[in-house]
Undergrad: 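Can you read through this structure? Questions will come right after.
None of these values were measured; they are calculated from a predicted model. Atoms within a ligand are numbered from 1 in the order they appear, just like the ligands themselves.
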Amino acid sequence: MALSAIESQTILVVGGGIAGVTAAVEAADTGYDVVLVEKSATLGGRVAQLNRYFPKLCHPTCGLEINYQRIRGNPKIRVYTLATVSAISGSRGAYTATIAANPRYVDARCTACGDCAKAATTRVPNTFNYGLDTLPAAYLPHPMAYPMRYVIAPEVIGTPEAEAIRAACKYGAIDLEDKPKTFDLSVGAVIWASGWKPYEAQKISSYGYGRVPNVITNVEMERLAAPAGPTQGRIVRPSDGREAKRVALIQCAGSRDYNHLPYCSRICCLGSMKHAAYLREQYADAEVDIYYIDIRAHDKLESFYKKLKADPQVRFVKSKPASITEGADGDPVLHGENTLTRELYDRAYDLVVLATGMEPSLADASPIKLTMDDYGFIVPEIGDDAGQFPAGVASGPLDVSMSVQSATAAVLKAIQAVRTNGAQPLKGQA
Ligand SMILES: Cc1cc2nc3c(=O)[nH]c(=O)nc-3n(C[C@H](O)[C@H](O)[C@H](O)COP(=O)(O)OP(=O)(O)OC[C@H]3O[C@@H](n4cnc5c(N)ncnc54)[C@H](O)[C@@H]3O)c2cc1C
Ligand code: SF4
Ligand code: SF4
């Protein structure tokens, strides 16, 4: 049963990607209690799934681990993973948030020793690698997971295999009776850092994703290039494991298209340039063609663009390919017209990467009525009643540094909301 709404200075952060994690540590370091709710089994969001990230091409751990340390060291932050917010009632300064948490079946005694994984025989899709490979039914979501704790896949619960998995744990950390839970929290403000999902490439039917072999998406490219990814960092073709040396990167795959996402996803031009750099680092003889409408590489990364432009093995082709078909040996073949030279082309590649855009996670899946723009990005509330604010890509397509800035700004608005609502001042203050 829902609590009657009471005033609270606790800040609820929904989503544990870079924006949500930043919001949580910034608010808690300022002295506020924070509840961070993340729907997957680990914090880190999509940034954790990148191989490296611009501007410095760092490993995602550089940015995330420092925040995890701040979370570990700050008792003001409570983290719920495998959890979402199913309802919110009340108003600024006095909301009641209903949290729905799914079972992990593994408690805090887990040392991540991995013995349970050895006892599992069923394999489940590895969502961290976008389904490019599988994991045992007892698994760590990825090597840098936070919390560093295993998960038992619901698929095996109630089977003899689950009993064998439990018996393999010498720390008694597995509870097969764990159940979904729902509970209410009183919070004064809410930060929505629910991020994005990749646009579904199958919807761009002329590009043959899922039908033509060796057509992949940009997020899958990140996992192929990652040392902890499905190919241990070797950029190879999914169909036959052959080295992918002649590669086409297709910009605006789904974005800037009224049949799909009408807006510019803002990050995918730079994402593809990063992919060209991955390929050129990995194979000295790699040849990369980038098919584009216009290049939108924002300000500070102009030099990255110029460096690639100067590389004779990277070609920028001004064209939006019309279609992709299957050629010999599983080669994807691009068909279209170069709009500068008017040349018609039919070109075969080892691999084609679709630069699919970013779609807001909650566009069609929000359990709560939130003010959204035409595309599903959350619009911040304004005025004296404002108590719910978006951060990161939940508010629009942003890169990591912009997401961090937006999270910090959302924290300021959330603090204003809980402090100007008649709630008690922080301890020690007049
Ligand atoms: C191919 C590609 C490459 C990129 N490379 C770079 C790069 O090199 N450098 C760079 O700066 N940026 C890069 N980006 C952009 C970067 O990924 C984003 O800036 C970043 O992910 C934004 O973080 P976020 O926290 O806003 O969202 P997310 O990373 O999406 O995190 C949102 C979190 O919220 C959780 N969540 C969602 N819904 C709910 C819910 N209802 N309840 C609870 N939790 C929920 C999700 O599980 C997730 O953990 C790239 C993007 C793409 C597409
Ligand atoms: S659940 Fe038990 S067996 Fe599995 S990793 Fe954790 S401690 Fe090891
Ligand atoms: S960032 Fe580049 S690839 Fe992405 S939608 Fe905008 S123009 Fe297209």
Side-chain angles (χ1 to χ4, degrees), residues 13-23 36-40 42-55 57-58 60 63 80-81 83-86 105-107 109-119 138-140 149-152 165-166 168-174 192-198 217-222 250-257 261 263-272 274-275 292-298 301 353 355-358 360-362 365-368 390-395 397-404 406-407:
V13 180
V14 187
I18 191 74
V21 162
T22 303
L36 176 57
V37 172
E38 164 56 47
K39 77 172 177 194
S40 74
T42 166
L43 302 183
R46 305 271 173 200
V47 173
Q49 292 173 280
L50 300 176
N51 169 36
R52 284 184 273 145
Y53 70 107
F54 54 71
L57 294 190
C58 315
Y80 295 99
T81 49
T84 56
V85 176
S86 57
Y105 305 105
V106 176
D107 67 25
R109 283 172 287 186
C110 176
T111 62
C113 69
D115 287 350
C116 52
K118 292 180 200 145
Y139 63 93
L140 190 64
R149 199 186 298 172
Y150 273 59
V151 186
I152 312 296
I165 289 170
R166 190 185 53 74
C169 180
K170 52 182 173 287
Y171 300 96
I174 298 179
W192 289 93
S194 41
W196 60 281
K197 55 188 176 184
T217 64
N218 50 6
V219 290
E220 290 171 338
M221 178 66 158
E222 291 288 341
I250 301 187
Q251 299 316 105
C252 304
S255 300
R256 302 175 66 196
D257 181 336
L261 302 176
Y263 53 87
C264 169
S265 288
R266 217 174 183 185
I267 307 302
C268 18
C269 273
L270 281 160
S272 292
K274 186 173 53 155
H275 296 162
Y292 70 100
I293 306 176
D294 341 270
I295 292 294
R296 295 186 174 176
H298 56 80
L301 287 152
V353 184
T356 45
M358 298 198 278
S361 288
L362 296 188
S366 177
I368 321 287
V393 176
S395 65
L398 302 174
D399 69 5
V400 171
S401 64
M402 295 171 194
S403 296
V404 166
S406 124

Undergrad: Specify the protein heavy atom at minimum distance from atom 25 (O) of ligand 1: its residue, its atom name, and the distance to 0.1 Å.
TA: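 Scanning the protein heavy atoms, the shortest distance from atom 25 (O) of ligand 1 goes to Ala19 N, 3.0 Å.
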Undergrad: Just to be sure I understand the site: which N, O or S atoms from the protein are less than 2.8 Å away from atom 2 (Fe) of ligand 3?
TA: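 For atom 2 (Fe) of ligand 3, the protein N, O and S atoms that sit under 2.8 Å away are Cys269 SG.
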Undergrad: With side-chain contact (heavy atoms from CB on, under 4.5 Å) as the criterion, how do Ser403 and Val393 come out once you've worked through the C-alpha distance, each side chain's angles and the decisive distance to 0.1 Å?
TA: CA-CA 7 Å; Ser403 296; Val393 176; 4.1 Å; yes
Undergrad: Tell me whether His275 has any N or O atom under 3.5 angstrom from an N or O of ligand 1.
TA: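 His275 vs ligand 1: no N/O contact under 3.5 Å.
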Undergrad: Would you name the heavy atoms of Leu398 and Arg266 that are closest together and state the gap between them?
TA: CD2-NH1, 3.4 Å
Undergrad: Specify the closest pair of heavy atoms between Ile165 and Cys116, including all atoms of both residues, with the distance to one decimal.
TA: CG2-CB, 3.7 Å
Undergrad: If you measure from each non-hydrogen atom of Thr356 to ligand 1, which part falls under 4.0 Å: side chain, backbone, both or neither?
TA: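 Answer for Thr356: neither.
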Undergrad: Looking only at protein heavy atoms, which one is nearest to atom 31 (O) of ligand 1, and what is the separation?
TA: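 Going atom by atom, the protein heavy atom closest to atom 31 (O) of ligand 1 ends up being Gly17 CA, 3.4 Å.
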Undergrad: What's the shortest heavy-atom distance between Cys269 and Arg296, and which atoms?
TA: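 Between these two residues, the closest heavy atoms are SG-N, 3.3 Å.
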Undergrad: Given Met358, Glu38, Met402, Glu220, identify the one with the heavy atom nearest to atom 47 (O) of ligand 1.
TA: Glu38
Undergrad: Could you tell me which atoms of ligand 1, counted from 1 in the order shown, lie closer than 4.0 angstrom to a heavy atom of Gly392?
TA: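 Once the distances to Gly392 are compared, the set is 26 (O).
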Undergrad: Show the numbers, then the answer: is there a salt bridge (charged side-chain N to carboxylate O under 4.0 Å, His left out) between Glu222 and Lys274?
TA: CA-CA 9 Å; Glu222 291 288 341; Lys274 186 173 53 155; 2.8 Å; yes
Undergrad: In terms of atom number and element, which parts of ligand 2 are under 4.0 angstrom from non-hydrogen atoms of Tyr171?
TA: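 Here the atoms of ligand 2 in question are 7 (S).
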Undergrad: Which protein heavy atom lies closest to atom 4 (Fe) of ligand 2, and at what distance to 0.1 Å?
TA: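 Heavy-atom neighbour on the protein nearest atom 4 (Fe) of ligand 2: Cys116 SG, 2.3 Å.
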Undergrad: Under 4.0 Å, heavy-atom basis, I'd like to know which part of Lys274 is in contact with ligand 1: side chain, backbone, both or neither.
TA: side chain
Undergrad: Using modelled atom types and a 3.5 Å cut-off, is there a donor and acceptor pairing between side-chain atoms of Ser395 and backbone atoms of Ala391?
TA: no
Undergrad: Measure the distances from the heavy atoms of Cys268 to every atom of ligand 1 and state whether one is below 4.0 angstrom.
TA: no
Undergrad: Examine Val400 against ligand 1 and note whether any of their N/O atoms are separated by less than 3.5 Å.
TA: yes
Undergrad: How does Ile267 reach ligand 1, if at all, at less than 4.0 Å between non-hydrogen atoms: by side chain, backbone, both, or neither?
TA: side chain
Undergrad: Of all the atoms in ligand 1, which lie at a distance below 4.0 Å from a heavy atom belonging to Val37?
TA: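 Selected atoms, number and element: 43 (C), 44 (N).
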Undergrad: Which of the numbered atoms in ligand 1 are below 4.0 angstrom from a heavy atom of Arg46?
TA: 21 (O), 28 (P), 29 (O), 30 (O)
Undergrad: With a 4.0 Å cut-off on heavy atoms, is Ala83 in contact with ligand 1?
TA: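 Contact check Ala83 vs ligand 1: positive.
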Undergrad: Roughly how far apart are Thr84 OG1 and Glu38 CD, rounded to 0.5 Å?
TA: 10.0 Å
Undergrad: Restricting to non-hydrogen atoms, name the atom on Met358 and the atom on Ser265 that form the minimum distance, rounded to 0.1 Å.
TA: N-OG, 3.0 Å
Undergrad: Of all the non-hydrogen atoms in the protein, which one sits nearest to atom 26 (O) of ligand 1, and at what distance?
TA: Val393 N, 2.9 Å
Undergrad: In Å, rounded to the nearest 0.5 Å, how long is the span from CZ of Arg256 to CG of Asp294?
TA: 4.5 Å
Undergrad: Of all the heavy atoms in Leu362, does at least one lie under 4.0 Å from an atom in ligand 1?
TA: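 Right, Leu362 reaches ligand 1.
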Undergrad: Can Val106 and Val151 be said to form a side-chain contact (heavy atoms from CB on, under 4.5 Å), step by step?
TA: CA-CA 6 Å; Val106 176; Val151 186; 5.8 Å; no
Undergrad: In the protein, which heavy atom is nearest to atom 8 (Fe) of ligand 2, and how far is it?
TA: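 Scanning the protein heavy atoms, the shortest distance from atom 8 (Fe) of ligand 2 goes to Cys113 SG, 2.3 Å.
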Undergrad: Among protein heavy atoms, which lies nearest atom 5 (S) of ligand 2, and at what distance?
TA: Gly114 N, 3.2 Å
Undergrad: Under 2.8 Å from atom 8 (Fe) of ligand 2, can any N, O or S atom of Cys169 be found?
TA: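 Given the 2.8 Å cut-off, Cys169 does not count as a ligand of atom 8 (Fe) of ligand 2.
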Undergrad: Under 3.5 Å between any N/O of Leu398 and any N/O of ligand 1: does that happen in this structure?
TA: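 Right, the criterion is met.
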Undergrad: Write out the residue and atom name of the closest protein heavy atom to atom 7 (S) of ligand 2, then the distance separating them to 0.1 Å.
TA: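 Result: Thr111 N, 3.3 Å.
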Undergrad: Give the contacting part of Lys197 toward ligand 1: side chain, backbone, both or neither, where contact means a heavy-atom distance below 4.0 Å.
TA: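 No part of Lys197 comes within reach of ligand 1.
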Undergrad: What I'd like to find out is whether the side chain of Arg109 reaches to under 4.5 Å of the side chain of Cys169, using heavy atoms alone.
TA: no
Undergrad: List ligand 2 atoms under 4.0 Å from Tyr150, heavy atoms only on the residue side.
TA: 5 (S)
Undergrad: For atom 32 (C) of ligand 1, which candidate among Ala193, Ser272, Gly45, Gly15 provides the closest heavy atom?
TA: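 The residue whose heavy atom sits nearest atom 32 (C) of ligand 1 is Ala193.
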Undergrad: With respect to Phe54, determine whether any N or O atom, backbone or side chain, lies less than 3.5 Å from an N or O atom of ligand 1.
TA: yes
Undergrad: Any nitrogen or oxygen of Asn218 lying under 3.5 Å from a nitrogen or oxygen in ligand 1? Just yes or no.
TA: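 In this structure, Asn218 places no N or O atom under 3.5 Å from an N or O of ligand 1.
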Undergrad: What's the spacing between Ile250 CD1 and Asn218 CG if we round to 0.5 Å?
TA: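 It is 11.5 Å, given to the nearest 0.5 Å.
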Undergrad: Considering distance alone, does some N or O of Thr84 sit under 3.5 Å from an N or O of ligand 1?
TA: no
Undergrad: If you measure every N or O of Lys39 against every N or O of ligand 1, does any of those distances drop under 3.5 Å?
TA: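 There is such a contact, yes.
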Undergrad: Between Cys58 and Tyr53, does the side-chain contact (heavy atoms from CB on, under 4.5 Å) criterion hold? Intermediate values first, please.
TA: CA-CA 5 Å; Cys58 315; Tyr53 70 107; 4.1 Å; yes
Undergrad: Counting from 1, what ligand 1 atoms have a heavy atom of Ser403 closer than 4.0 Å?
TA: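 Near Ser403, the atoms of ligand 1 are 19 (O), 22 (C).
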Undergrad: Find all atoms of ligand 1 within a distance of less than 4.0 Å from any non-hydrogen atom belonging to Gly195, and give their numbers and elements.
TA: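 It comes down to these atoms of ligand 1: 27 (O), 28 (P), 30 (O), 32 (C).
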Undergrad: Taking all atoms of both residues into account, what is the closest heavy-atom pair of Val353 and His275, and its distance?
TA: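 Distance-wise, the nearest heavy atoms are CG1-ND1, 4.5 Å.
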Undergrad: With heavy atoms of Leu50 as the reference, note each atom of ligand 1 found under 4.0 Å away.
TA: 3 (C), 4 (C), 5 (N), 6 (C)
Undergrad: Could you pull out the closest heavy-atom pair between Gly357 and Cys268, with the gap in Å?
TA: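 Heavy-atom minimum between the residues: CA-SG, 4.5 Å.
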Undergrad: Please report the C-alpha distance between Leu43 and Leu36 in whole Å, then the side-chain angles of each, then the deciding distance to 0.1 Å, and finally whether the side-chain contact (heavy atoms from CB on, under 4.5 Å) criterion is met.
TA: CA-CA 10 Å; Leu43 302 183; Leu36 176 57; 4.1 Å; yes
Undergrad: Are any of the N or O atoms of Ile18 closer than 3.5 Å to those of ligand 1?
TA: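 Min N/O separation from ligand 1 is below 3.5 Å for Ile18.
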Undergrad: Below 4.0 angstrom from a heavy atom of Glu222, which ligand 1 atoms are there? Numbered from 1 as shown, please.
TA: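 Result: 3 (C).
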Undergrad: What residue and atom, counting heavy atoms only, is the protein's closest point to atom 21 (O) of ligand 1, and at what distance?
TA: Trp196 NE1, 3.0 Å
Undergrad: Which of the numbered atoms in ligand 2 are below 4.0 angstrom from a heavy atom of Ile174?
TA: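 Heavy-atom distances to Ile174 below 4.0 Å select 1 (S).
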Undergrad: Go through ligand 1 atom by atom and flag the ones less than 4.0 Å from a non-hydrogen atom of Ser194.
TA: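 Those of ligand 1 that fall under 4.0 Å from Ser194 are 32 (C), 34 (O), 36 (N), 37 (C), 38 (N).
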Undergrad: Do any N/O/S atoms of Cys110 come under 2.8 Å of atom 6 (Fe) of ligand 2?
TA: yes
Undergrad: Is Ala112 touching ligand 2 with its side chain, its backbone, both, or neither, if touching means heavy atoms under 4.0 Å apart?
TA: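 Contact part for Ala112 vs ligand 2: backbone (N, CA, C, O).
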